[in-house]
Peer 1: 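Encoded as structure tokens, here's the structure I'll be asking about.
In what follows, chains are A, B, ... by sequence order, proteins preceding strands, each numbered from 1.
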2 protein chains.
Amino acid sequence: MVTIHEVARAAGVAPSTVSYVISGKRSISPKTKRLVEESIRRLGYHPHAGARALASSRTSVLALVVPLRTDLNVAVVMQFVASVVKAARDHDHDVLLLTKDEGPAALQRVASSALADALIVMDVESDDPRVPMLLALDRPVVLIGAPDSPSGLPCVDLDFTAAGAVCVGHLADLGHRSIALVGPSPAVYRRGTSYAARFLRGFTDAARARRVKAVPRSCQHSYDAVSSGLDELFARHPDVTGLVVHNEAVLPAVLSDLRHRGRRVPEDVSVVAVCPDSMAENHPVALTTVAIPAEEVGALAVEMTVRSLGGHTSAETRLLAPRLTVRGSTTHV
Amino acid sequence: MVTIHEVARAAGVAPSTVSYVISGKRSISPKTKRLVEESIRRLGYHPHAGARALASSRTSVLALVVPLRTDLNVAVVMQFVASVVKAARDHDHDVLLLTKDEGPAALQRVASSALADALIVMDVESDDPRVPMLLALDRPVVLIGAPDSPSGLPCVDLDFTAAGAVCVGHLADLGHRSIALVGPSPAVYRRGTSYAARFLRGFTDAARARRVKAVPRSCQHSYDAVSSGLDELFARHPDVTGLVVHNEAVLPAVLSDLRHRGRRVPEDVSVVAVCPDSMAENHPVALTTVAIPAEEVGALAVEMTVRSLGGHTSAETRLLAPRLTVRGSTTHV
DNA sequence: ATCGTTCGTCGAATCGGTTCGATGAAATCC
DNA sequence: GGATTTCATCGAACCGATTCGACGAACGAT
């Protein structure tokens with residue numbers, strides 16, 4: 001292993017000087033700087049992460065806690081993970097991946113064993129047992145997704161309330177008078193993951209304001225559930241011409257089933273999907289969407305985390321404004 | 001921060017004794033053992049990861065390198081990640097997540113800064129620039145997925161050659177005489193990710209052996225590509241009654257399009273999918289599949305890695321036997 | 001009773017960095 | 001030109017664990 005001492009000897013300076021060259025915390029003459037950098041490169045020196053963490057109380061590692069139930073959301077979660085990792089690297093940090101399953105104890109463990117400098121936590125529920133734990137930790141924490149009561153923890157998320165309103169607004173603008181919502185599965189509502197409730201509120205409030213009829217439905221992931229759900233929906237509300245799908249997992253099923261029952265998109269039914277933009281194109285008809293900006297949310301979460309590490313404390317909640325992209329799946333009645 | 005010294009003082013013993021209680025590397029009297037454990041619990045002591053790494057040259061961290069192109073594979077990749085994290089925790093290790101984008105340099109960095117004890121690398125291509133790097137590292141490496149030339153690196157993967165044969169065998173057994181393969185996108189073949197080629201070989205070899213007609217196709221992810229691909233397929237080969245889909249991403253599109261063109265599954269076309277079992281159910285008809293055993297592969301990769309860390313060196317390639325589960329999407333002609 | 005083991009514990013060295021105070025040389029001031 | 005400040009570098013303490021050799025006490029054998 002190449003140590004700082006070897007670099008120092010090769011460059012003919014003291015180890016501390018090498019350290020200062022690397023960190024830039026003291027001024028170094030151009031000449032020695034060149035010498036040291038040259039030696040570093042030549043020897044392929046990389047500081048020992050453990051030693052560095054020990055001495056400086058900084059690991060340059062962010063812990064990311066994700067929900068890894070393999071059945072749900074997966075693609076979207078993956079996008080968040082990807083963007084967090086990328087953003088972290090841009091800030092010279094690495095990412096330690098933890099799963100929600102491990103519960104509060106894992107947070108405790110990672111924080112107090114100094115495995116990571118800070119935590120980014122996804123999918124926090126109302127009454128999440130991890131919240132008190134997170135508050136007790138002496139490390140910066142940023143939540144992705146805004147729980148009902150963030151208790152002073154900083155959050156980043158899409159403004160789902162506004163998103164719900166935007167979906168309704170778009171369809172109402174096109175003349176639709178009766179709009180259904182295909183929402184997340186009942187389990188999501190039950191778990192108290194707040195984005196579902198917030199979206200629903202935005203949806204219904206906007207519908208009331210625009211004087212259009214709102215028909216909210218929650219929806220399991222199975223094809224049969226989708227199919228029978230749509231059966232019932234159109235039986236009970238034959239006037240529905242607009243569909244808002246806030247559930248990426250059932251999108252293919254919904255579209256396939258609509259087609260199967262002879263309802264053309266967008267001629268007979270207009271569909272707005274809430275999902276990452278990358279999922280909009282690979283369907284029989286390109287989908288009009290309100291984007292889930294995983295990229296931005298992840299990047300922003302990392303930025304806030306790093307800023308916290310820099311000593312700036314601000315427990316703000318940042319809700320990103322929804323962005324509607326009109327594609328082929330919506331049209332006027 | 002609670003240190004080992006504080007624990008020692010609280011228990012009235014020397015720090016080294018505490019260390020031995022934790023590691024179990026020397027015999028300790030039951031009395032002091034109880035005393036120390038009690039203090040540890042009471043103070044909420046967690047050893048400082050950096051200090052531990054420095055002193056013992058062990059981090060208890062595995063680096064996992066995944067392909068995070070957000071467009072591709074995502075769900076399957078996520079399953080691997082989930083299972084690796086879980087298995088790692090079962091072996092008392094954490095997981096540092098790296099992306100393929102960072103290239104060989106990241107591997108170098110992580111290894112030689114002692115951020116991780118070992119590397120698990122997914123999606124290694126033929127002529128992957130990372131292979132020479134991995135070989136040069138003095139740390140254990142396990143590949144998930146078998147590249148053409150693993151160059152002596154241990155691999156874990158589904159036996160895709162056998163999987164191709166199993167798919168053909170099943171359909172042939174049911175009396176199908178002309179079988180098409182909807183494979184991964186051309187880009188995958190081009191990149192030299194070997195599973196595509198291996199599956200194809202298994203598919204065509206088995207078809208020849210069983211004297212059935214084999215029609216291989218590669219397939220882009222867009223809906224239009226799927227649709228026009230099937231157009232062409234059925235135009236050129238109207239006798240095709242069996243379809244093997246080795247491309248999770250296009251599954252919904254294929255099924256939706258088949259239905260749209262009036263070909264019923266399984267009455268008119270039998271479909272075998274190669275995908276994780278969890279994806280089999282949420283379709284208009286439950287799919288007969290050859291499972292991609294992400295769970296097992298991940299667990300096995302971790303196990304091999306940990307065994308390597310224990311000093312056992314064995315550069316074996318473990319190819320898991322394919323498992324066919326018959327569901328509703330295949331039937332006799 | 002004496003010597004040699006075994007057992008349990010301790011103290012000190014070590015891992016590879018960071019950081020603070022000290023120091024000598026060069027630059028600046030009057 | 002002597003006093004003072006600035007600049008670049010060095011040496012040593014320290015971070016919190018692990019691990020090895022040493023050592024005293026208890027024990028068994030003779």
Peer 1: Expressed in angstrom and rounded to an integer, what is the separation of Leu115(A) atom CG from dA17(D) atom P?
Peer 2: 13 Å
Peer 1: Can you check the His48(B) NE2 to dG16(C) P distance for me, whole Å?
Peer 2: 17 Å
Peer 1: With a non-hydrogen cut-off below 4.0 angstrom, is Val18(A) in contact with a base, only sugar-phosphate, or nothing?
Peer 2: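 Touches nothing.
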Peer 1: When rounded to the nearest 0.5 angstrom, what distance separates CG in Leu68(B) from CE in Met78(B)?
Peer 2: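 Leu68(B) CG to Met78(B) CE: 9.5 Å, rounded to 0.5 Å.
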Peer 1: When the distance from CD1 of Ile22(B) to C1' of dT18(D) is rounded to whole Å, what number comes out?
Peer 2: 11 Å
Peer 1: Distance check: side-chain N/O of Lys25(A) vs OP1/OP2 of dT19(C), anything under 4.0 Å?
Peer 2: yes
Peer 1: Under a 4.0 Å N-O cut-off, is there an ion pair linking Asp127(A) with Arg191(A)?
Peer 2: no
Peer 1: Is the phosphate of dT18(D), meaning OP1 or OP2, less than 4.0 Å from a side-chain N or O of Arg52(B)?
Peer 2: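 Arg52(B) to dT18(D) OP1/OP2: side-chain N or O found under 4.0 Å.
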Peer 1: Any donor and acceptor pair, going by atom type alone, linking the side chain of Arg318(B) with main-chain N or O of Ala301(B) inside 3.5 Å?
Peer 2: no
Peer 1: What is the distance, rounded to the nearest whole Å, between atom NE2 of His5(A) and atom C1' of dC10(D)?
Peer 2: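 After rounding, the gap between these two atoms is 12 Å.
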Peer 1: If I take atom CD1 in residue Ile4(A) and atom P in nucleotide dC14(D), what distance separates them, rounded to the nearest angstrom?
Peer 2: 19 Å
Peer 1: Considering only NZ, NE, NH1 and NH2 on the basic side and carboxylate oxygens on the acidic side, decide whether Arg41(B) and Glu37(B) come within less than 4.0 Å.
Peer 2: no
Peer 1: Judged by atom type as modelled, is there a donor-acceptor pair below 3.5 Å linking the side chain of Ser83(B) to the main-chain atoms of Ala294(B)?
Peer 2: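 Yes, Ser83(B) side chain to Ala294(B) backbone: donor-acceptor pair under 3.5 Å.
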Peer 1: At under 4.0 Å between heavy atoms, how does the protein contact nucleotides 7-15 of chain C? Give one character per nucleotide, 5' to 3', with B, S or -.
Peer 2: -SBBB---B
Peer 1: Starting at the 5' end of DNA chain C and moving along, which residue's nearest nucleotide shows up first, Ser23(A) or Met1(A)?
Peer 2: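 Between the two, 5'-proximity favours Met1(A).
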Peer 1: Would you confirm whether His91(A), through its side chain, and His93(A), through its main-chain N or O, come within 3.5 Å as a donor-acceptor pair?
Peer 2: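 Side chain of His91(A) to backbone of His93(A), a donor-acceptor pair under 3.5 Å: no, none is there.
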